[in-house]
Enquirer: 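Please read through the structure below; I'll follow up with questions.
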Amino acid sequence: AAYDAGHDEL
Amino acid sequence: MNVFRLVGDLSHLLAIIILLLKIWKTRSCAGVSGKSQILFSLVFITRYLDLFTNFISVYNSVMKIIYLVTSLGTVYLMYFKFKATYDSNHDTFRIEFLVVPVGGLSFLVNHDFTPLEILWTFSIYLESVAILPQLFMISKTGEAETITSHYLFALGSYRALYIVNWVYRYYTEGFFDLIAIVAGCVQTILYCDFFYLYITKVLKGKQLKLPA
């Protein structure tokens, strides 16, 4: 999922 | 990182720099919506709270700091240093009509019901509508300075490039974030009529005038 790695986009 | 996202980030940075230089050099914020600039600052503040807790890369951290400093600097120039040139009579969009629904939606539709994630979601939804006061102001004045239209073109292009980045990431990494994608599409669609005017008028050397 998008968030567990922390959002990597600005 | 991919070229679409990199060019998108640089387009975003270019937009912010264009606006900052326009206000600084002309010592005037005529034609610029201070309300949109406040919303953009709020977008960056709520999105980059993880600046010190979640290190992604030097590039990511440096860009976050640049966005925060430049957007807050723009708000400072507009509401303090060059306050006399701020056109509050035309900058009348009720931003509470944006912040409240976006705030509610970020509680209802998010990836994770945690403070940081809800604030990130709020930031994504808010960014998609943050340009509305600016577009509303231009529709009220019926025109925009050429430099302001370049600012808007760069700003609108950034999220359009991010959409390409998301397509690219979907096919190469299988990554996709529906909240960011849907909000990004809404955000880019809001620029469509401006893009049309920019390409048909400004690029031909004409002044950006909205059909009365």
Side-chain angles (χ1 to χ4, degrees), chain A, chain B residues 1-2 4-6 8-13 16 43-44 46-51 53-57 59-68 110-114 116-121 123-124 127 158-159 161-163 165-166 168-170 173-181 183-184:
Chain A
Y3 54 91
D4 50 14
H7 298 286
D8 65 345
E9 295 183 338
L10 286 172
Chain B
M1 175 57 82
N2 59 67
F4 308 110
R5 182 144 61 99
L6 181 60
D9 288 338
L10 295 178
S11 180
H12 193 188
L13 184 60
I16 293 171
V43 163
F44 293 134
T46 53
R47 189 176 303 181
Y48 299 155
L49 292 171
D50 64 351
L51 176 61
T53 58
N54 176 23
F55 179 78
I56 302 281
S57 70
Y59 169 81
N60 186 274
S61 299
V62 167
M63 289 294 273
K64 285 176 177 176
I65 292 167
I66 293 174
Y67 286 167
L68 282 164
N110 52 61
H111 289 312
D112 196 16
F113 202 77
T114 59
L116 263 184
E117 191 59 28
I118 288 174
L119 283 169
W120 177 86
T121 309
S123 161
I124 291 288
E127 187 188 6
Y158 129 73
R159 214 60 180 172
L161 285 160
Y162 255 69
I163 294 172
N165 150 67
W166 289 322
Y168 177 84
R169 290 190 73 179
Y170 178 70
E173 309 166 32
F175 165 92
F176 70 97
D177 179 352
L178 217 46
I179 285 178
I181 292 171

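Just so you know, these numbers come straight off a predicted model, no measurement behind them. Every chain is numbered from 1 and lettered A, B, ... according to where its sequence line falls, protein lines coming before strand lines.
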Enquirer: Which atoms of Y48(B) come close to chain A, meaning under 4.5 Å heavy atom to heavy atom: side chain ones, backbone ones, both, or neither?
Expert: side chain
Enquirer: Working to the nearest 0.5 angstrom, can you tell me the gap between R169(B) CZ and D8(A) CG?
Expert: 4.0 Å
Enquirer: Kindly write out the residues that satisfy ring-ring contact (aromatic ring centres under 6.0 Å, His included) with F55(B), not counting sequence neighbours, or none if the list is empty.
Expert: none
Enquirer: How many angstroms lie between atom CH2 of W120(B) and atom NE2 of H7(A), to the nearest 0.5 angstrom?
Expert: 4.0 Å
Enquirer: To the nearest 0.5 angstrom, please state how far the OH atom of Y162(B) sits from the CG atom of L10(A).
Expert: 4.5 Å
Enquirer: With rounding to the nearest 0.5 angstrom, report the CD to CZ distance, E9(A) to R47(B).
Expert: 9.5 Å
Enquirer: With respect to chain A, which residue among T53(B), N60(B), D50(B) yields the maximal number of heavy-atom pairs within a distance under 4.5 Å?
Expert: N60(B)
Enquirer: Please identify each residue that fulfils side chain to side chain contact (heavy atoms under 4.5 Å, CB included) with I181(B), with sequence neighbours left out.
Expert: W166(B), F176(B), C185(B)
